[in-house]
Amino acid sequence: MSNAAPTPGDRNSPSGTDGPGSQAPKAPGTSAPGGSDSPTRRTQSGKPSAGRPGRAGKQPKPAKPYKSSDDWGVFRAVVIGVGILVAGFGLYNLITGTAGLPDGAGGEVNPTLESQYRFFAAMMVGVGAAFVAIAVKFQWANMLWLVCLMVFLGGIGRVLSWAFSGTPHFTFIVLMIVELAFPPALLVWHRFIAKTSDLRREYSQQAGGDTGIAGGSR
């Protein structure tokens with residue numbers, strides 16, 4: 001009769017290996033190769049290796065400080081351009097007088113009309129200079145509404161001249177439209193930028209405060 005096949009737990013197995021429950025207990029302090037029984041890793045010299053700092057220790061980046069000049073740059077450039085244009089037109093009329101008008105060349109010169117015309121031409125130069133001064137020294141921006149009102153009233157004067165004296169040259173019709181439309185549009189634009197600047201400043205301050213609180217809680 002043939003012998004029975006050896007079972008995994010039989011001590012007389014040909015392979016000489018013990019069963020699953022017959023392994024000798026490990027000595028304390030020893031570990032299998034590649035194991036990580038020790039709580040801290042050690043280098044070959046026996047010194048503990050310094051671990052990499054975790055991402056939790058990184059501080060959040062501070063919020064970028066808000067600058068009001070970021071919103072007002074284009075607006076100031078437009079106001080400077082308008083001021084130079086108005087001052088240049090007024091200077092041209094101051095030098096040429098009524099002879100510089102499209103329908104005024106070759107006609108008889110009226111000294112009274114010439115005096116009045118050159119006076120208002122000088123006022124136009126002052127309005128243009130006021131635009132430039134407001135844009136450069138922006139602390140005077142609250143006076144912008146007054147200068148815009150002067151230009152708007154000039155457009156109203158052109159409307160009255162058209163109504164009582166007849167249709168002027170088409171160049172002055174274009175100027176009338178610009179003088180009536182541009183000042184209100186400029187003031188609305190100014191108000192819009194002022195509002196958005198206040199909102200962005202408040203948001204920047206709140207973001208900076210939240211970042212400081214988050215950094216302090218760590």
Side-chain angles (χ1 to χ4, degrees), residues 65-204:
Y66 173 77
K67 295 181 180 180
S68 60
S69 59
D70 297 341
D71 295 332
W72 293 104
V74 178
F75 181 83
R76 296 173 70 175
V78 171
V79 174
I80 290 176
V82 171
I84 293 175
L85 184 63
V86 172
F89 189 73
L91 185 62
Y92 170 79
N93 291 327
L94 180 62
I95 294 173
T96 60
T98 56
L101 296 174
D103 298 333
E108 184 179 355
V109 177
N110 187 339
T112 304
L113 178 61
E114 191 76 21
S115 175
Q116 190 73 358
Y117 184 82
R118 291 177 186 269
F119 171 77
F120 285 113
M123 297 292 290
M124 186 178 296
V125 175
V127 170
F131 274 117
V132 175
I134 290 172
V136 173
K137 193 173 179 62
F138 211 59
Q139 288 81 1
W140 299 342
N142 293 330
M143 299 299 295
L144 183 63
W145 66 272
L146 180 60
V147 183
C148 289
L149 179 61
M150 294 173 62
V151 177
F152 184 80
L153 290 177
I156 295 296
R158 294 187 189 275
V159 173
L160 295 177
S161 175
W162 191 355
F164 294 111
S165 302
T167 304
H169 194 269
F170 74 94
T171 303
F172 293 93
I173 296 178
V174 173
L175 289 176
M176 178 190 67
I177 295 173
V178 172
E179 290 165 357
L180 291 176
F182 178 76
L186 190 65
L187 292 177
V188 170
W189 188 17
H190 176 272
R191 186 62 178 172
F192 173 77
I193 297 179
K195 279 298 214 181
T196 54
S197 298
D198 293 339
L199 292 176
R200 290 182 180 181
R201 187 180 297 107
E202 293 177 1
Y203 176 77
S204 177

Applying side-chain hydrogen bond (donor to acceptor under 3.5 Å, both in side chains), can you list everything that pairs with R191, at least two apart in sequence or on another chain? none
Nearest heavy-atom neighbours spanning A87 and A129: CB-N, 4.4 Å
Backbone N/O of T112 and side chain of S115: donor-acceptor pair under 3.5 Å: no
What residues, two or more places apart in sequence or in another chain, satisfy side-chain hydrogen bond (donor to acceptor under 3.5 Å, both in side chains) together with T171? H169
Give the minimum heavy-atom separation between Y117 and G97, together with the two atoms involved. CE2-O, 3.4 Å
What pair of heavy atoms forms the shortest contact from F89 to M124, and how long is it? CD2-SD, 3.3 Å
Working to the nearest 0.5 angstrom, can you tell me the gap between F172 CZ and I177 CD1? 14.0 Å
Contact summary for A121 and L94, nearest pair of heavy atoms: CB-N, 3.5 Å
From the list L85, V86, I80, side chain to side chain contact (heavy atoms under 4.5 Å, CB included) partner of V82 resolves to V86
For I173, is there any backbone N or O sitting under 3.5 Å from a side-chain donor or acceptor partner on R158? no
Using the side chain to side chain contact (heavy atoms under 4.5 Å, CB included) rule, take F120 and N93 through it: C-alpha gap first, then chi angles, then the decisive distance, then the call. CA-CA 9 Å; F120 285 113; N93 291 327; over 6 Å; no
Contacts under 3.5 angstrom, residues 145-157 side chains, donor-acceptor by atom type, not counting sequence neighbours:
residue: W145; atom: NE1; partner: N142; partner atom: O; Å: 2.8

Taking only residues two or more places apart in sequence or in another chain, which ones pass side-chain hydrogen bond (donor to acceptor under 3.5 Å, both in side chains) with W162? T167
For W189, give me all partners under ring-ring contact (aromatic ring centres under 6.0 Å, His included), at least two apart in sequence or on another chain. F75
Which residues pass the side-chain hydrogen bond (donor to acceptor under 3.5 Å, both in side chains) test with E114, sequence neighbours left out? T98, R118
Side chains of F131 and I84: does their closest heavy-atom pair fall under 4.5 Å? no
Report yes if the side chains of S197 and W72 come closer than 4.5 Å at any heavy-atom pair, otherwise no. yes
